[in-house]
Protein chains: 2
Amino acid sequence: MTEGPRPRPTLRDIATALGLSVNTVSRALGDKDSVSASTRAAVQAEAARIGYVPNTLARSLVLGSAMTLGLVITNPSNPFYAQLISSIELRVRAQGYSLLLLVTDESVENEQRATEALLRSAVDGAVVVPVQAEWDHWRRVRDSGIPLVFVNRDVPELDCDMVGVDYERGSYEATSHLIAGGARRLLLLEEDLPITTTADRITGFRRAMADGGLEVSDDLIRTVPTRRYDSLALPWQPEEAYRFAQSLALPDAIVTGNDYFALGLLRILAERGLQVPRDLAITGYGDHPYAAYLQTPLTSVRLPAAEVGTTAVDLLLQRLKRDANERPRKTLIRPELVVRASTRTPARL
Amino acid sequence: MTEGPRPRPTLRDIATALGLSVNTVSRALGDKDSVSASTRAAVQAEAARIGYVPNTLARSLVLGSAMTLGLVITNPSNPFYAQLISSIELRVRAQGYSLLLLVTDESVENEQRATEALLRSAVDGAVVVPVQAEWDHWRRVRDSGIPLVFVNRDVPELDCDMVGVDYERGSYEATSHLIAGGARRLLLLEEDLPITTTADRITGFRRAMADGGLEVSDDLIRTVPTRRYDSLALPWQPEEAYRFAQSLALPDAIVTGNDYFALGLLRILAERGLQVPRDLAITGYGDHPYAAYLQTPLTSVRLPAAEVGTTAVDLLLQRLKRDANERPRKTLIRPELVVRASTRTPARL
DNA sequence: TTGAAAGCGCTAACAA
DNA sequence: TTGTTAGCGCTTTCAA
């Protein structure tokens, strides 16, 4: 009874069954011209009968392309990246490619191993959210002829295509919105990751403050720890923001780098008997699905995740089809400020 | 200047450079015994010098295994699945395998295409969250010798390994907890997906009601639409629960099948001037990161996502190594009820 | 229109 | 210890 699965049918099985050569069978199934209609029909019938499935491995070895793209991402539990994964997978599949997933947990070491895997697997290209601490390993991938598209964070040293969100703009708009509402003493609460997204948001905050005629002393830009190196968890913990604001001398408004920080703030402020936005206005970042449904609905910056993902794949496939030496294209997609009650003070606005 | 990347170095490049045969080089790099120390050293040095990376495609073709596992999942934007992806990827990578990701969006058609892709790619096995509407295509995969582990939802017809969450138990505990707190008229708000997880939660609700000596009329079990077929979004929308409860004759307590439903309920109840848990107790399901930080912290059922993912991979790898004909193993991991303010009425408990 | 031959890069027999 | 030979399943010359 231990039958075991019979080996996969191959072209040769079809060929011998039909008294043809392997070659003819290959062409018949490959929709080449040089096969008679009757032969093609017979081949296709036999293929269907025995359940023939082409062996991608063998095919790829000959053709030199595995029709596979890599996706290197830091943390799928980050909802923005989850959406990114979905949109990328969808697009990749639609174009007939497979997707190899590699998670780095914001660790350079993992990322280096990921590049090894990409090289070994001979992917045709890769979409990468880089850790940004080092990039020699990416240079090696690129130099071996595998085009890269960086997503959300750039590595300018490598001259690769890049798609991201205009984080600076989002932060600028949130900050300007608060200033327009009457806030004068604003505080920025950011994550402590050494990545450009955070830096861009800080720049946006500074620029908006300057444009509003407000000074930015360093103590107005504060960071709280994030949970790095653990893709099983969200990077941001409401707890940290909560603790942070426990003993804070309160400003007019707080701009946060993430909705989860805003969540922690809303909680501690309620406990301290303060009302949002009457006593203090708050903006989030990311517009997570819960933002609209909080007791105090949260003003937040909505990120165009799907658009970023789709664009990334398109850039990559274009790069594969066209000249690899064309100038790299950098695209920033603009996020959208969604205004809700947490900043809507009738008195101020 | 259009230099283009030179072709990847192969074993032959090393062999000719060193005046050896390809075979010897292969063995030297493969850590086989039958190579002299000096030869091995020379080969390794040359390999490092030219940046040799083994071609997995060719290797897999010979060995008959691509050292790749498939992960077929419905929706990465579901936070439970996001964690599942992370834990699975981590484990898979730790065991030296690669991970092919396929997203189905709860669509049978996508799932069928996914099985085609798995067969073509000749994965060694696959971890699958099945859509559960049909399974002939899975039978085909299994019969072709690719072991499957179903996750979160079973397909009992196929006798495959399975790991999941004991959803019934979670629902039972949430319901019992509410009854113990004094609730007598309880309502269950569920998603409308035709999957076993939903059915199991309903069963748990019914059982707890019966054990509490309460009757369950059909109008106590209600469903709201979920957003199927769109992995770019969460399946559950607070909006639906919100609408649902707009004109509801209110019970003592509502058990929800998801935290997002609870979120919508909390909002509409506040708008209707009702207090949670004084007027009405609520439980969520999933224990999303925001649950603890809502204005009324939400009692919820925490799901052991990482444990489920890790177990799934382990079962799959065991199945690959041992006898494929061993009896399938079904494991349900117990979730944990996390009690918070939304059900903690001093008066009642 | 079909078939024979060669080869993608690698590993596993076997022989030297 | 090393090299020769063969072959994984497929596609692409080139002849017939």
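Proteins get letters first, then strands, A, B, ... in listed order; numbering begins at 1 in each. Keep in mind the model is a prediction, meaning the values are calculated, not measured.
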Assuming nearest nucleotide by heavy-atom distance, tell me which of B:V25 and A:T10 is located more 5' along DNA chain D.
B:V25
Find which nucleotide of DNA chain D each of B:S38 and B:A58 is nearest to by heavy atoms, and output the residue with the more 5' nucleotide.
B:S38
Does a side-chain N or O of [X] approach OP1 or OP2 of [N] to a distance below 4.0 Å, or not?
X	N	answer
B:T24	D:dG3	yes
B:Y52	C:dG9	no
B:S60	C:dC10	no
B:R12	C:dG9	no
A:S26	D:dT11	yes

A:E46 bridged to A:R49 by N-O distance under 4.0 Å
yes
Under-4.0 Å salt bridge between A:R319 and A:D161:
yes
Take the protein atom [atom1] of [X] and the nucleotide atom [atom2] of [N], then report the distance between them rounded to whole Å.
X	N	atom1	atom2	result
B:L11	D:dG3	CG	C1'	15 Å
B:R59	D:dG7	CZ	C1'	17 Å
B:L63	C:dG9	CG	P	17 Å
B:L18	D:dT2	CG	P	11 Å
B:N23	C:dA16	CG	P	15 Å
B:R120	D:dC10	CZ	P	13 Å
B:L29	D:dT2	CG	P	13 Å

Select base, sugar-phosphate, or nothing to describe what [X] touches, counting heavy atoms under 4.0 Å on all strands.
X	value
B:T39	sugar-phosphate
A:L57	nothing
A:R27	base
B:S34	base

Proximal nucleotide (of [options]) relative to the [X] side chain:
X	options	value
A:L20	C:dG9, D:dC10, C:dG3	C:dG3
A:L61	D:dT12, C:dT1, C:dC8	C:dC8
B:V62	D:dT11, D:dT4, D:dC8	D:dC8
B:N55	C:dC10, C:dG3, D:dT2	C:dC10

What are the two closest heavy atoms between A:V129 and A:T74, and how far apart are they?
O-CG2, 3.8 Å
Looking only at side chains, do B:T104 and B:S107 share a donor and an acceptor under 3.5 Å apart?
no
Other residues, nucleotides and ligands only: do more than 12 of their heavy atoms fall within 6.0 Å of CD on B:Q318?
yes
Crowding at CZ, A:R59 (>12 non-hydrogen neighbours, <6.0 Å)
no
